[in-house]
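To start, the structure itself, in structure tokens.
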Amino acid sequence: MDYSKLADMLFPDVSMTPEDMEKRYPERNLPEGAKVTRIAPSPTGFFHFGGLFPATVAERLAHQSGGVFYLRIEDTDSKREVEGAAEFITKILGYYGLNFDEGVTADGDKGDYGPYTQSQRVDIYHVYAKQLVRDGRAYPVFSTDEELDELKALDKKAEIKSVDWENEAQARREAMLKRREFTMEQVEAELAAGHRFALFAAADGDPEKKIKITDLVKGTLEIPENDEDVVLLKSDGIPTYHFAHAIDDHLMRTTHVIRGEEWLPSLPKHVMLFRYLGFRLPKYMHIAQLMRLDENGNKKKLSKRDMGANLDDYRRMGYSVDAVNEYVMTLLNSNYEEWRMQNPDKSRLEFPFSIKKMSASGCLFDIEKLNDVSKNVISKMTAAQVYDGVTEFAKTEDPDFYETLRADRAYAESILSIGRGGAKPRKDFALWADVKPYMSFFYDKYFTRQDEMPAGKDAADIKSALEKFVETYDENDDQTAWFEKCKDIAEQIGYARETKLYKKEPEKYKGHVGDVAAFIRVAVTGRQNSPDLYEVIKILGKSKTTERIAGQIKLL
RNA sequence: GGCCCGUUGGUCAAGAGGUUAAGACACGGCCCUUUCACGGCUGUAACAGCAGUUCGAAUCUGCUACGGGUCACCA
């Protein structure tokens, strides 16, 4: 068969050659060892939490080596595309600090290797499609519109489950071989009839033979050669992932392809395609999937519908960007936590990220661990940083609290300063959403008496203690002087000055100074638990404290 | 079912022939403490199984089991 003629018939409008492409997208001029990586999402309007893992690896590897990290939008499936999804993606990547050097931005493409949206690269794909036909490595398969509709209607997932594997494999093989047989006249007739074609690559592999390929995280893989004809172009002329991957990652000069391990089974196809196209194979890194536990206690891939699968949920739940990134790093590099302990104040960007420290196996998402990491992250922030974080969160998730915080920033920050900044800071918050319940009693509009006075105490004693407290309270007292007064009050109502004294001889006293503190705490905060009472009262101020205590006394 | 990947405490994991098999989270106990939140000390808990190589195996090899992924004109 005259493949050159076939190529011209199939792609009459393609005049450029692969050589032209090489000239248009030359090798990058980068220092030795610089890595070029990418993140290549589909614009579905949904960013998977698990997507943060390969994205983080790609970003770190590129920027740590003085290379390039770019964003490519893989919109080859128009059925799944969602309006505005590309903007959403750039926004959320920016939110999580994954800053790319090239790619699709709100102001158009940035970089010399574009377009960075696959639907705008159709001409480029067709250059190589034509070349493969000319080489006798690709062939057309014609379909009528009806047949296409049938294909589209197939529920592939449901079909796979009920398949008779042995017969199916045989039938597929026969169908494949049959598709490869056609004459030039048939092609001419189909084209004349206006039928559309999909372009297939003719596989030349022998599945009995294995090829060895090194994956940077999995190690040396032995995979069978590909013997399955791969769809290159769909009937609408748009490439499949496989074809676009080979061409784009070559022309954009990607050095490291970092993606989820669900791609591992199609690696033989990609290896074949790179060979057919005469491209050098990039280095591959297949990252294990993030798992969840199903109702039977088995690990399952964290899929779109699962709780916590949507990255944007974490912002809505009130996790800080730093906490999420920190957690991701602990899972990506096994020595990250150790490094963090030794370098508590450094940016995670200073961590020497290493491919060797990545795990080959998939891990279970652990929200307890995320919470712990998050508490540590927030405990190291200043009051101002916490204020900013919680305010930003409340802006969309709790407008009323947002207004409250904004009304008096200094007041809010003084509350958030309690127990912050020292060597052993408080760790009250895993989420921004935890802040409001923690500090709500400082605001009259949120204040409620949610806890009772300690059980078994005489109301008259409580009342007496509270009255004495109001009488003796002096805003100028330091913490020691303040607590001495509490001890005095304890003594006056027949309670022990020290908790230890009471524990030694409980029969001698009605209670101890801790009880007195509890009376005051409940009266002032409405709770049995609160941050340091001395600080709380100081921030609340004398008049409000007095008012709260008066309110309590009425209830006794 | 074929192919591929994986398997050290409940979870994340260190470990690369000789270790009392780290550490973190979670859980329990004790201490500190005016409550809470911290902090300190401490405890429970693991090499999937079976063969083989070796003086010696969590580490090497093979098989089995289990778990996961994938088998679209989706990505």
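The basis for the numbers below is simple: all heavy atoms, side chains too, and nothing from hydrogens, waters or symmetry mates. Here the structure is a predicted model, which means the values were calculated and not measured. Below, read A as the first sequence line, B as the second, and so on, with proteins coming before strands; counting in each chain starts at 1.
- Taking atom CH2 on A/Trp263 and atom C1' on B/A72, their separation rounds to 11 Å, with Å as the unit.
- Both cation-pi conditions hold for A/Lys304 and A/Phe46: the charged atom is under 6.0 angstrom from the six-membered ring centre and inside a 45 degree cone around its axis.
- Between A/Lys375 atom NZ and A/Asp372 atom CG the span is 7.5 Å, to the nearest 0.5 Å.
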Tell me, for nucleotides 35-41 of chain B in 5' to 3' order, what letter each nucleotide earns: B for a base near a protein heavy atom under 4.0 Å, S for only sugar-phosphate near one, - for neither? BBBSS--
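- To the nearest 0.5 Å, the span separating CG on A/Leu273 from CZ on A/Arg137 amounts to 10.5 Å.
- OP1 or OP2 of B/A72 lies within a sub-4.0 Å distance of a side-chain N or O belonging to A/Arg172.
- Using N1 to N3 plus N6-O4 or O6-N4 for Watson-Crick, or N1-O2 and O6-N3 for G-U wobble, each under 3.5 Å, B/U33 pairs with nothing.
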So which protein nitrogen or oxygen atoms get under 3.5 Å of nucleotides 65-68 of chain B's nitrogens or oxygens?
residue: B/G68; atom: OP1; partner: A/Lys299; partner atom: O; Å: 3.2
residue: B/G68; atom: OP1; partner: A/Lys300; partner atom: NZ; Å: 2.4

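- Between the P atoms of B/U20 and B/A37, the separation comes to 39 Å (whole Å).
- If you look at A/Tyr319 and A/Trp432, their ring centroids are not closer than 6.0 Å.
- B/C74 atom C1' lies 16 Å from atom NE2 of A/His245, rounded to whole Å.
- Looking at heavy-atom distances under 4.0 Å, A/Lys269 makes no contact with the nucleic acid at all.
- Following rounding to the nearest Å, A/Gln342 (CD) and B/A24 (P) show an atom-to-atom distance of 13 Å.
- Pairing of B/A57, defined by two Watson-Crick or G-U wobble distances under 3.5 Å, is not identified with any nucleotide.
- Nucleotides B/U44 and B/A51 place their C1' atoms 33 Å apart, quoted to the nearest Å.
- The CG atom of A/Asn335 sits 18 Å away from the P atom of B/C12 (whole-angstrom rounding).
- Of the candidate nucleotides B/G6, B/A24, B/A75, B/G6 has the atom lying nearest to any side-chain atom of A/Ala360.
- Across the interface with RNA chain B, nearest-nucleotide mapping of A/Thr330 and A/Ala518 shows A/Thr330 to be the residue nearer the 5′ end.
- Taking a cutoff of 4.0 Å between a charged side-chain nitrogen and a carboxylate oxygen, A/Asp248 and A/Arg38 do not qualify as a salt bridge.
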Given ring pair (Phe, Tyr, Trp, His ring centres under 6.0 Å), test A/Phe11 with A/His126 step by step and report yes or no. CA-CA 7 Å; A/Phe11 300 99; A/His126 284 202; 5.4 Å; yes
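- Here B/A75 presents its C1' atom at 13 Å from NE2 of A/His286, a figure rounded to the nearest Å.
- Counting heavy atoms of neighbouring residues, nucleotides and ligands inside a 6.0 Å radius, atom NZ of A/Lys283 does not exceed 12 of them.
- The CG-C1' distance, from A/Asp515 to B/U34, rounds to 9 Å in whole Å.
- By the 4.0 Å N-to-carboxylate-O rule, A/Glu262 lies too far from A/Lys301 to be salt-bridged with it.
- Under the 30°/60° scheme for interplanar angles, the aromatic rings of A/Phe49 and A/Phe365 are found to stand perpendicular.
- By the 4.0 Å N-to-carboxylate-O rule, A/Asp515 lies close enough to A/Lys457 to be salt-bridged with it.
- B/A16 makes up no base pair with any nucleotide shown, lacking Watson-Crick or G-U wobble contacts both under 3.5 Å.
- Looking at heavy-atom distances under 4.0 Å, A/Ser359 makes contact with sugar-phosphate atoms alone, never a base.
- Using a 4.0 Å heavy-atom criterion, one finds that A/Glu338 contacts no nucleic acid atom at all.
- For B/C50 and B/C38, the P atoms lie 43 Å apart once the distance is rounded to whole Å.
- Both cation-pi conditions hold for A/Arg548 and A/Phe447: the charged atom is under 6.0 angstrom from the six-membered ring centre and inside a 45 degree cone around its axis.
- Between the C1' atoms of B/C63 and B/U7, the separation comes to 16 Å (whole Å).
- With its ring centre under 5.5 Å from that of the base six-membered ring and a plane angle below 30°, A/Phe483 counts as stacked on B/U34.
- B/G62 is paired with B/C50 under the criterion used here, namely a Watson-Crick or G-U wobble arrangement in which both key atom distances are under 3.5 Å.
- Here A/Phe47 and A/Phe88 keep their ring centres 6.0 angstrom or further from each other.
- Among the heavy atoms of the strands lying under 4.0 Å from A/Gln479 is at least one base atom, whether or not backbone atoms are also near.
- Between A/Lys234 and the phosphate of B/C74, there is a side-chain N or O to OP1/OP2 separation shorter than 4.0 Å.
- Pair assignment for B/A21 gives none, since no Watson-Crick or G-U wobble pairing has each distance under 3.5 Å.
- For the pair A/Trp165 and B/G1, the ring geometry qualifies as stacking, because the centroid separation is below 5.5 Å while the planes lie within an angle under 30°.
- Between A/Thr76 and B/A75 there is a side-chain polar atom (N or O) within less than 4.0 angstrom of OP1 or OP2.
- At the heavy-atom level, A/Ser42 lies under 4.0 Å from the strands shown only through sugar-phosphate atoms.
- Using the Watson-Crick or G-U wobble rule with both distances under 3.5 Å, B/C73 pairs with nothing in any strand shown.
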Pair A/Tyr534, A/Phe483 - check ring pair (Phe, Tyr, Trp, His ring centres under 6.0 Å), show working. CA-CA 8 Å; A/Tyr534 170 77; A/Phe483 198 55; 10.0 Å; no
Name the pairs: protein N/O against N/O of nucleotides 26-32 of chain B, kept only if under 3.5 Å.
none

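- Using the Watson-Crick or G-U wobble rule with both distances under 3.5 Å, B/C38 pairs with nothing in any strand shown.
- Between A/Ser361 and B/C5 there is no side-chain N or O to OP1 or OP2 distance below 4.0 Å.
- Checked against the 6.0 Å centroid threshold, A/Phe353 and A/Tyr336 do not count as a close aromatic pair.
- Using a 4.0 Å heavy-atom criterion, one finds that A/Lys357 contacts the sugar-phosphate atoms exclusively.
- A gap of 15 Å separates the P atoms of B/A75 and B/U70, to the nearest Å.
- Taking atom C1' in both B/G9 and B/A21, the straight-line distance is 11 Å, to the nearest Å.
- With distances taken from any side-chain atom of A/Ser334 to the nucleotides B/C73, B/U70, B/A14, the minimum falls on B/A14.
- B/A24 atom C1' lies 16 Å from atom CG of A/Leu364, rounded to whole Å.
- Figure legend: A/Lys369 and A/Tyr327 shown without cation-pi pairing, the cationic atom not lying both under 6.0 angstrom from the six-membered ring centre and within 45 degrees of its axis.
- In this structure, B/C27 forms a base pair with B/G43, meeting either the Watson-Crick or the G-U wobble geometry with both donor-acceptor distances under 3.5 Å.
- A side-chain donor-acceptor contact under 3.5 Å links A/Asn343 to the backbone of A/Trp339.
- One finds no side-chain N or O of A/Thr240 lying less than 4.0 angstrom from the OP1 or OP2 phosphate oxygen of B/C73.
- For the P atoms, the distance from B/A22 to B/C66 is 31 Å, rounded to whole Å.
- Where A/Met341 and A/Leu264 meet RNA chain B, the nucleotide closest to each residue was compared, and A/Leu264 sits on the side nearer the 5' end.
- Residue A/Lys218 has no polar side-chain atom (N or O) positioned under 4.0 Å from OP1 or OP2 of B/G69.
- Rounded to a whole Å, the CG atom of A/Leu273 is 13 Å from the P atom of B/A75.
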